[in-house]
Amino acid sequence: MKIITVEEHFADQRIMDANAKYPKTNSTLPPNFQKMYHSMRFTGEKLMDIDGARIDFMNEQKVDVQVLSYTGPVSDRVPAAEAVEICRQANDILYGVVQKHPDRFAAFATLPMANPKEAAKELERCVKDYGFVGALIGGTWQGKFYDDPTFFPIFEKAAELDVPISWHPEFPADVIQNYYYLSNSYPDLVGAEFATAGFGWHLDVGLHMARMVLSGIFDKLPNLKFISGHWGETIPAMLDRMDQIMRPQTTGLKKKISDYYHENVYFTPSGILSKDQFEYIVKVFGADHVIWALDYPYISFEKCSTDFLLESNLSDEKKELIAHGNAERILHLK
Ligand code: CA
């Protein structure tokens with residue numbers, strides 16, 4: 001069975017160097033944070049590697065195609081003027097990678113969110129000139145969430161081009177990390193994990209997507225599609241309650257909040273191979289709204305992760321949709 005995975009990360013030293021010139025100002029990471037990354041087996045080399053460990057991993061895990069993305073927004077610290085150029089360079093580099101192995105890779109663009117009009121143009125350039133299949137975004141721009149009307153041109157362009165926006169976690173704001181997640185009752189490393197990959201940044205991006213729904217983005221752009229990793233970033237469990245309290249009479253939306261998740265959102269595991277979560281999402285949203293993703297290189301698997309899907313109780317028809325059919329349809333992959 002053909003396997004396409006859609007949350008698979010990449011980095012390039014030139015882009016990391018360009019970014020490093022701009023110190024992160026909206027987040028002070030706990031000093032133990034690097035240890036946490038180490039515990040996740042993070043290595044820059046694995047992110048940058050294409051022909052060695054990455055292709056080996058894909059072959060071992062029976063992955064035919066990885067949809068590559070930069071591991072975070074590449075320009076989140078960069079002033080608007082420079083962000084446009086850095087993103088162009090980053091997308092040019094990524095295009096070079098895809099060109100080298102067009103049968104094994106596709107790509108999501110990285111966008112200069114600091115300059116929404118230019119970001120929309122960059123998305124168009126990447127899709128039309130390079131054949132990119134969408135964009136991956138995350139975080140905020142100087143404390144602004146992307147439901148702010150300033151960012152509308154980006155989503156409008158994605159809908160026009162009929163490519164999805166994939167939402168990726170980023171560090172929650174410093175004030176959020178400190179208030180909710182750090183504590184004198186457990187070590188800072190635990191707090192750092194709790195604030196980020198252990199929970200906090202999932203809630204953060206889940207909330208961000210819920211804000212997008214509440215902004216009426218899908219009433220304005222009914223064709224717009226979002227991809228939500230980590231089985232929906234905590235939101236699926238709350239949808240019934242959200243529908244119960246935030247009804248169209250007050251939201252002013254055309255539909256219930258959950259309706260937009262059923263119609264406009266696609267879910268991926270991002271490497272969380274939990275049988276119960278998988279069955280829940282397939283049951284609630286349907287096999288036609290699940291796309292496979294392994295979050296390379298942050299997660300490693302002792303056995304072939306593809307077997308998790310192939311050995312599930314789903315029909316072959318549903319497995320085909322999740323393994324490649326939905327990705328081919330939504331991302332227009334051949
Ligand atoms: Ca990821």
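Ligands are counted one by one from 1 in listed order, and the atoms in each one are counted from 1 as well.
- Scored by the side-chain contact (heavy atoms from CB on, under 4.5 Å) test, R125 finds R88, N91, D92, E122, D129, Y130 as partners (sequence neighbours excluded).
- Between F194 and Y186, the ring planes are perpendicular. Angles over 60° get that label, and only those under 30° would be called parallel.
- Shown here are the protein N/O/S atoms lying under 3.0 Å from the Ca ion (ligand 1), water excluded: E7 OE2, H9 NE2, H168 NE2, D295 OD1.
- A salt bridge does not link D219 to K255: none of the charged side-chain nitrogens sits closer than 4.0 Å to a carboxylate oxygen.
- Other members of the cluster containing L321 do not exist, because no ILVMFWY side chain is joined to it at under 4.5 Å.
- Under the rule for a side-chain contact (heavy atoms from CB on, under 4.5 Å), the partners of K157 that lie at least two apart in sequence or sit in another chain are A120, L123, E124, E160, L161.
- Between F145 and H208, the ring-plane angle classifies as perpendicular under the 30° and 60° cut-offs.
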